[in-house]
Amino acid sequence: MSAVPAPVASAMTDLPPYLSKLNPPQLAAVQALDGPVLVLAGAGTGKTRVLTTRLAHLLVSRRISPFELLAVTFTNKAAGEMRERVAHLVGTAPDGWWLGTFHALAARILRKHAEVVGLKDNFTILDADDQLRLVKQLMDGRGIDDQRWPAKAILALIQKWKDRGEEPDRVSGGGESKLITLYRDYQARLKTLNAADFGDLLLHNLTIFRLRPDILAAYQQRFKYILVDEYQDTNVGQYLWLRLLAQGSRNICCVGDDDQSIYGWRGAEVGNILRFEQDFPGATVIRLEQNYRSTGHILGAAGGLIEKNRERLGKTLWTAAEQGEKVVVRGLWDSEEEARWVGEEIEAAQRKGVAAAQMAVLVRAGFQTREFEERLLTLGIPYRVIGGPRFYERQEIRDAMAYLRILHQPADDLAFERIMNTPKRGLGPATVQQLHTAARAMQVPLLEATQRLTETDDLKPKVRSTLRNLCEDFARWRNLLRETPHPQVAGIMLDESGYTAMWQQDKSPEAAGRLENLKELITAMAEFDTLAAFLEHVALVMEQAEGAGQEAVTLMTLHAAKGLEFDVVLLPGWEEGIFPSQRSLDENGDRALQEERRLAYVGITRARQKALIGYTARRRLHGQWEDALPSRFIGELPKAHIELQTSRGMFADGYARQAGSGYGGGYGGNYGGGSYNTPRMPVFEARAQVMPARRTSSYKTGARVFHDKFGYGTVMQVDGDKLLINFDHSDSKKVMAAFVSAAEDV
DNA sequence: GAGGTGGCGACCGAG
DNA sequence: TCGCCACCTC
């Protein structure tokens with residue numbers, strides 16, 4: 001489909017080929033071009049296809065210019081995907097289109113009209129690090145008790161206000177006046193720094209639209225059609241922004257799924273999608289309910305669970321596919337057994353021919369991946385962890401970016417402060433304080449104040465010469481920028497400043513990787529014409545380079561899994577307190593519970609073929625063993641779609657080894673003498689399935705064995721009941737024969 | 001000013 | 001249990 005399809009006069013007959021593959025609701029969603037439209041797209045119902053086809057259809061059938069179209073997503077990934085697929089459909093690359101994330105589009109508008117809100121068009125976009133430092137500085141200045149109000153909490157509050165579209169003088173719902181004053185200070189400080197944080201991008205747009213109706217009207221006229229992805233994740237500010245822009249044409253199409261709204265904690269308002277028909281009267285609502293991803297049992301289990309939520313628009317997914325396997329719900333003794341179980345299920349699936357890349361372990365919180373990582377490492381199963389620090393959040397990238405930011409915008413005090421003593425130049429807090437005081441007195445940026453101070457005798461001689469050199473260096477690098485390409489200048493600057501040398505001398509294992517990252521950063525710069533364009537890219541768009549691990553099991557949080565799919569999905573840790581998360585429930589009560597339930601729904605619906613849920617009776621949490629109860633969500637799963645397994649046999653296994661004898665049955669709580677505290681398994685006691693005990697026997701040299709902690713290995717030496725084993729994925733170790741079992745042929 | 005140590009708290013994390 | 005931050009010493 002490379003050629004542009006011919007426009008059609010009547011959509012009812014003779015559909016153009018790009019529409020012929022859609023099912024009736026999908027077709028309706030693509031063809032409802034006029035007026036407000038809400039497309040409720042359930043998990044796996046072909047949302048992306050509808051979005052991209054709709055875009056293509058608009059361009060073809062309405063013959064509008066791509067520049068009259070606004071298409072908004074949340075992530076760069078989603079924007080990139082849409083870009084690619086639309087290009088494929090209509091045959092042109094969507095360069096310069098208004099297709100991007102809320103933040104990228106808002107930044108574009110803000111650069112055009114920065115002066116309306118008192119910024120220059122080369123304003124800096126701050127990262128979370130800068131924001132926090134700024135808040136800390138202001139708190140020091142105001143003498144706010146950072147015990148009662150940690151800087152992080154204050155920043156979170158400011159962000160919340162911004163998410164709601166509230167400027168300092170418009171904060172609703174009474175915040176402490178001290179804190180609102182701090183918010184006002186913070187905004188004022190950003191202005192003097194010629195900087196904006198992420199929240200400001202949207203917030204300043206709203207201010208511009210309010211102060212300058214002429215500017216708003218121009219955008220309203222420009223955007224004849226608006227398309228929004230993941231509408232259930234929009235916050236109040238984004239909603240207001242969309243509503244203002246849509247007031248002109250009223251042609252706004254929002255696609256989303258209220259059942260997959262899982263970002264309430266960062267300001268998303270599921271109410272936005274629930275209220276759509278009131279907000280946009282006369283709206284057409286279209287439901288996509290045919291699922292092309294999962295089996296009947298998976299959809300049945302997920303559907304039964306999400307039905308327990310009260311606040312939803314309601315839709316029922318169905319599939320033409322077979323029922324498939326029931327969702328496995330497995331009770332386990334403790335988190336160690338759980339990790340072993342996950343490993344076994346992955347190996348079992350591999351034996352059935354499922355590729356590692358088609359399997360995922362999804363957890364509620366990031367720290368939970370650790371135990372599974374250790375297990376997979378032991379078993380030699382390749383895996384990758386999604387999450388962790390992103391490229392531009394790494395220390396070395398932030399440092400390098402700070403150098404570049406000063407080059408671009410000498411008034412960037414935060415950047416200057418960040419690298420003033422990086423690498424170490426002998427400039428401590430005392431010097432920083434002195435510079436700050438001087439800068440405030442002279443009412444100039446830090447760098448300029450520094451430069452002026454070096455011409456006086458106010459500084460200690462050593463400090464003075466250090467700072468003078470630094471100022472001269474920056475002046476030189478900036479001059480260099482006029483005649484030398486910016487990637488080259490960046491390299492020179494990082495070398496001459498001693499920054500590269502700092503990592504070269506660092507002996508820690510990460511140092512080499514950091515130098516690699518710096519090289520990658522400089523390589524990436526070459527793709528941009530100007531330093532300004534590059535800085536904008538890194539602040540808003542820079543993505544983590546995808547890991548090479550093609551054939552690897554994916555470990556990640558449920559949040560990170562939204563939008564993805566796998567053949568086999570493992571969902572461990574379904575225990576009260578963990579999932580649903582106690583902290584969320586404490587903070588937001590029933591609202592949070594419903595969101596946790598949606599999260600469970602998202603987890604189950606990631607699976608194509610098989611979903612397995614695990615819960616344990618005892619878990620090591622922050623280094624302590626704690627008892628746990630099965631998640632209430634387990635009890636909410638419809639019985640018809642699940643298969644319960646409780647691994648009592650695992651105890652027997654341990655018992656057999658400790659006693660050196662076979663496992664003799666009678667598992668009713670008569671556990672004589674073990675160090676176990678008998679855990680309670682209150683939910684499905686009666687349905688317990690016994691797992692067979694592992695065979696133990698005497699081993700010969702050369703025998704293949706399996707050890708729960710160290711994995712597979714070969715017996716090198718037998719010494720009574722002690723074995724010397726050469727482990728495949730660990731060093732050779734001497735272990736008791738009772739702790740290994742004969743490796744099954746794999 | 002730089003480098004070391006003990007106490008405390010720990011979720012999810014786009015742009 | 002682990003990592004970060006505040007505090008402390010050289």
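Protein chains get the first letters and strands the later ones, always in sequence-line order, with residue 1 at the start of each. Since the model is a prediction, treat every value here as computed from it, not as a measurement. The figures that follow rest on heavy atoms only: side chains count, while hydrogens, waters and symmetry mates do not.
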Remember a base hit wins even if backbone is also touched, and classify Ser581(A) as base, sugar-phosphate or nothing at under 4.0 Å, heavy atoms.
base
Touch check for Asn421(A), heavy atoms < 4.0 angstrom, all strands: base, sugar-phosphate only, or nothing?
sugar-phosphate
Name the closest nucleotide to the Arg370(A) side chain, picking from dA14(B), dA10(B), dC2(C).
dC2(C)
Between dG15(B), dC11(B), dG3(B), spot the one nearest the side chain of Ser584(A), thanks.
dC11(B)
Please tell me if Asn76(A) has a side-chain N or O lying less than 4.0 Å from either OP1 or OP2 of dA14(B).
no
Look at Arg364(A) together with Glu596(A) and state whether they make a salt bridge at an N to O cut-off of under 4.0 Å.
yes
Can a salt bridge be assigned to the pair Arg85(A) and Glu81(A) using a cut-off of 4.0 Å between side-chain N and carboxylate O?
no
Looking across every strand, which nucleic acid part, if any, lies under 4.0 Å from Gly428(A) by heavy atom: base, sugar-phosphate, or nothing?
sugar-phosphate
The nucleotide from dA10(B), dG1(B), dG15(B) with an atom nearest the side chain of Thr75(A) is dG15(B)
Start at the 5' end of DNA chain B and walk down; is the nucleotide closest to Val541(A) or to Gly426(A) reached first?
Gly426(A)
Using a 4.0 Å heavy-atom cut-off, does Arg620(A) contact any base of the nucleic acid, only the sugar-phosphate backbone, or nothing at all?
nothing
Options dC11(B), dG1(B), dA2(B), nucleotide nearest the side-chain atoms of Glu587(A):
dC11(B)
Tell me whether the OP1 or OP2 atom of dG13(B) has a side-chain N or O from Thr557(A) closer than 4.0 Å.
yes
What's the closest nucleotide to the Thr431(A) side chain, out of dG1(B), dA2(B), dG13(B)?
dG1(B)
Drop me the distance from Thr234(A)'s OG1 to Asn272(A)'s CG, to the nearest 0.5 angstrom.
4.0 Å
State which of dG15(B), dG13(B), dC11(B) makes the closest approach to the side chain of Phe198(A).
dG15(B)
Under 4.0 Å, heavy atoms only, any strand: does Phe102(A) hit a base, just the sugar-phosphate, or nothing?
nothing
Ring centres of His113(A) and Tyr219(A) under 6.0 Å apart?
yes
Could you tell me whether Ala560(A) contacts a base, only the sugar-phosphate backbone, or nothing, with contacts defined as non-hydrogen atoms closer than 4.0 Å?
nothing
